[in-house]
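To start, the structure under review is shown below, and the notes come after it.
Just so you know, these numbers come straight off a predicted model, no measurement behind them.
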Amino acid sequence: MTDPVLIGIDVGTTTVKAALFDENGKVLSRYANAYATTHGKNGFVEQDPNDWLKRIDTAFEHFTADHNLDSVRAIGLTSQVNTHVFVDENGNPLAPAIVWQDGRAAEAAASLDGEISEADRLKWWGGPMSVDASHALARMKWMQQMHPDIWQQTKWVMLPKDFCLFKLTGEAATDPISNIHLFDRELQPIPALLDLLPGAGDRILPAAQMTDIMGNVKPGRPCAGIPVATGVMDAWAGMFGLGLHADKSALYLSGTSEILGIRSDKETPAPGVIVFPETHGIRLHAGPTQSGGAAMLWACGLLGLKPDEISRLVGELDDGVAVPLFLPHLAGERAPIWDINARGTFLGVETQTGQAELAASVFEGVAFAARWLLETLEVSAGFTPEYLNCGGGGFRSESWNRIRANILGLPLNRLAVQDPGLLGAAGLAAVAAGLEPSIEAAFSSVVRFDRTFEPNLQTRARYDEKFDLFKHAYRANSEINHALAKQI
C-alpha cells in the first residue's frame, strides 16, 4: 500500500506556494509562483483573485508531472487574511481583491469604531481592539458607500483561502479564527457588530472547523476528487508548522510582514494585540506588523541590490559601526500601534552612510518593530518566552537573523522546512482526513529545526538604547508623517 501524501497550499501576499509532503513531513516536491499586486492612489492595494487559482492549478499540474497523486489523502489551505474578495452567487469576483495593506476604508473604519463601546470590545474580543481599515466590516461599508451596485450583487465577502476552497470544491465555508473580529470569544458571529451595517450579516460565510473536510476537488480540475480541508489563516498555520503544541511557547514568522505570537492561557487585555478565541484548546496572543520582507525588497529596489547581496553587505559590517535609525512604516503600521498614517523614516544619516549601513538600518528597523510587538504580547499573555520558534522567507538571511536575535535578546530556533505555513496547512489536512487523531499528534514528530541563532548579550545594551530611540522617533515624528501621508 502506498504511504499517504498530503498537499499544503499557501496563498500568500506575493506568491502562491504549495508543497507535497510525505507522512513524516518531508517535502517531496515544492512549487512557488508570484503574482502581481497593484498599488494605486488613496492607499489602494489590489490583486486579481483568479491569479491565485491559476497558480494552484499549475501547482497541481507540477506535482502530477513528477509524482503519482493517487496516494494524496487531502489538501490543506492557508492564506493571507484581512484580504477580501466580493463575489456573486457563483463565487465570481465582482472587483479586485482588497489586500490587507489597503487603507481605503480608514474613514469607514473610524465611523464604525466610534459606535462600539469599551464594554462591547471586552465582551466580544476580550481586549481594547479597534475596527481598522483592514477590518471586513470597514471594507463592506466602503463598498456599500462607493460602489452600491457591487454591494447589491455581493453574495459573500471571502478570504483568499475561502475563495479558493469554493472554486476548487463548490462549497462555501470559512473558519471563525481567520475572520478577525467578526466572531466573538465563543466563535459565533457578533450580531450587534454586523448590525452596524445592514446586510453585512447576510454576506459572511457559514462557519466550519479548520479541521473539517469541506468537499472534494471538482471534476475537470487537476487533483479532481481529492478532499480539501477548511484550513486556517497564515499565522495559525505557521504556528502549527513551528511546533507550538504546548502552552507558553512563542513564534516569529517573517514574510511580507512579520507575525509574532505567544500561546498562553492567561489573558491581560493589552492595547494593540489580537487575542484569538480559544479553539482546540489553544489561545493565541498575536499581532502582525505591516512591513518585514516588504521593507527589505523596498531597500533592494532603492539600492539596486538583490536580497542575498544586501544580506552579505550587512554581514560584512564591523560591529559598532554607525547605522542610521529606520522606522519601517512604509505603508503605515499594524500591531502594536495600528497607525495607517505612519510613514518610513531614516534618522541619523551622515556622509559616511553607504549601502551597507542603510541596509543594516532596514534590518534593524524591522527587528525593532518586532521587539515592540513582542513586548506588548508579553503583557497580554502574562508570559516572557525563553526562545522563539522562527520560520518564513525572512529567516533565510543569516545576518538578519543575528540582528534579530541581538535586538530581541532571545535565541531563535529556525525551522528546517522553508515554509511553516505549508507544513501547518498539510498537518491540519491530515487531521481532517483522519490520518492523525489530533493537531498535537499531527505535528509532534514532523517539526524540526536546523539552527539556533543565539543573541550576543554584549550588544544588548547598545540595542536597548537604540530601541528606546526607535519608539521615541515614532512618537516625535508622528505629526509630521501624518501630515505628509495626507498630502501624498
Side-chain angles (χ1 to χ4, degrees), residues 8 10 12 15 17 19 21-22 24-28 30 32 234-235 237-246 248-263 289 292-293 295-297 306-319 356 359-360 362-364 366-371 373-374 384-427 443-460 463:
D10 181 0
T15 305
K17 293 173 285 189
F21 292 93
D22 69 13
N24 298 312
K26 179 182 177 182
V27 176
L28 304 176
R30 186 179 182 276
D234 49 4
M239 173 185 68
F240 294 130
L242 286 170
L244 268 67
H245 315 308
K248 296 185 177 180
S249 51
L251 68 87
Y252 186 170
L253 294 165
S254 177
T256 302
S257 67
E258 313 281 279
I259 299 173
L260 285 86
I262 298 176
R263 273 197 61 179
T289 68
M296 183 189 70
L297 292 178
K306 297 178 180 179
D308 59 338
E309 293 173 327
I310 277 188
S311 183
R312 177 182 54 79
L313 278 177
V314 173
E316 292 173 352
L317 280 176
D318 294 332
D319 288 340
V362 172
F363 281 9
E364 288 184 357
V366 170
F368 284 133
R371 179 171 168 178
L373 173 54
L374 181 62
T384 300
E386 296 180 358
Y387 58 86
L388 298 175
N389 288 353
C390 304
F395 282 98
R396 288 198 290 268
S397 168
E398 296 197 357
S399 60
W400 202 356
N401 294 345
R402 288 191 292 272
I403 287 172
R404 286 182 170 120
N406 291 338
I407 286 176
L408 295 170
L410 292 172
L412 307 180
N413 302 321
R414 186 175 64 185
L415 188 71
V417 173
Q418 184 172 336
D419 300 297
L422 292 179
L423 183 60
F443 294 100
S444 59
S445 62
V446 300
V447 176
R448 295 177 290 274
F449 301 94
D450 65 2
R451 183 170 174 184
T452 296
F453 293 87
E454 297 282 353
N456 181 344
L457 297 182
Q458 291 182 341
T459 67
R460 179 60 191 260
Y463 275 133

Checklist entry - Closest approach of Ala250 and Pro385, non-hydrogen atoms and distance? => result CB-CB, 3.7 Å
Item to check | Distance in Å, Leu251 CG paired with Leu242 CG, rounded so as to fall on 0.5 Å steps | outcome: 6.0 Å
Next on the checklist: Any heavy-atom pair between the side chains of Leu415 and Phe449 that's under 4.5 Å?
Outcome noted: yes
Checklist entry - Got Phe21 and Leu28 here, is their nearest side-chain heavy-atom distance under 4.5 Å? => result no
Checklist entry - Is it the case that more than 12 heavy atoms not belonging to Glu316 sit under 6.0 Å from its CD atom? => result yes
Checklist outcome for this item: Rounded to the nearest 0.5 Å, the CG atom of Asn401 sits from the CG atom of Asn406 at a distance of 11.0 Å
Item to check | Exercise: identify the closest heavy-atom pair between Leu317 and Ala360 | outcome: CD1-CB, 3.6 Å
Checklist entry - Within the side chain of Ser399, is there an N or O that forms a donor-acceptor pair under 3.5 Å with the backbone of Ser311? => result yes
Next on the checklist: Do Arg404 and Phe395 form a cation-pi contact, if we require the NZ or CZ to be under 6.0 Å from the six-membered ring centre and within 45 degrees of the ring's axis?
Outcome noted: yes
Next on the checklist: Nearest 0.5 Å, please: how far is CG in Leu253 from CG in Asp419?
Outcome noted: 10.5 Å
Checklist entry - What pair of heavy atoms forms the shortest contact from Ile407 to Ala367, and how long is it? => result CD1-CB, 3.6 Å
Checklist entry - After noting the C-alpha distance and the side-chain angles of Leu422 and Val417, does the key distance pass the side-chain contact (heavy atoms from CB on, under 4.5 Å) rule? => result CA-CA 9 Å; Leu422 292 179; Val417 173; over 6 Å; no
Checklist entry - Can Glu454 and Thr452 be said to form a side-chain contact (heavy atoms from CB on, under 4.5 Å), step by step? => result CA-CA 6 Å; Glu454 297 282 353; Thr452 296; 3.7 Å; yes
Checklist entry - Does the side chain of Leu410 come within less than 4.5 Å of Pro455's, by heavy atoms? => result no
Item to check | CH2 on Trp400 to CD1 on Ile310, rounded to 0.5 Å | outcome: 9.5 Å
Checklist entry - Ignoring hydrogens and geometry, is there a side-chain-to-backbone donor-acceptor pair from Asn24 to Lys26 under 3.5 Å? => result no
Item to check | Interatomic spacing from OG1 in Thr256 to CG in Leu297 - rounded to 0.5 Å | outcome: 7.5 Å
Checklist outcome for this item: Between Val362 and Ala295, the two heavy atoms sitting closest are CG1-O, 3.8 Å
Next on the checklist: I need the minimum non-hydrogen distance between Thr289 and Leu373, along with the two atoms involved.
Outcome noted: CG2-CD2, 4.1 Å
Checklist entry - Relative to the ring of Phe368, is the ring of Tyr463 parallel (under 30°), tilted (30 to 60°) or perpendicular (over 60°)? => result perpendicular
Checklist entry - Does the side chain of Leu408 come within less than 4.5 Å of Tyr252's, by heavy atoms? => result yes
Checklist entry - What is the minimum heavy-atom distance between Phe240 and Val447, and which atoms define it? => result O-CG2, 3.9 Å
Next on the checklist: I'd like to check Gln418 versus Lys17 (side-chain heavy atoms, cut-off strictly below 4.5 Å). Are they in contact?
Outcome noted: no
Next on the checklist: Are Phe453 and Cys390 packed together at the side-chain level, in the sense that at least one heavy-atom pair is separated by less than 4.5 angstrom?
Outcome noted: no
Item to check | Value rounded to 0.5 Å, distance of CZ in Arg402 from CG in Asn456 | outcome: 11.0 Å
Item to check | Close side-chain approach of Asp319 to Thr459, heavy-atom, < 4.5 Å | outcome: no
Checklist entry - Is any side-chain heavy atom of Glu258 closer than 4.5 Å to a side-chain heavy atom of Val366? => result yes
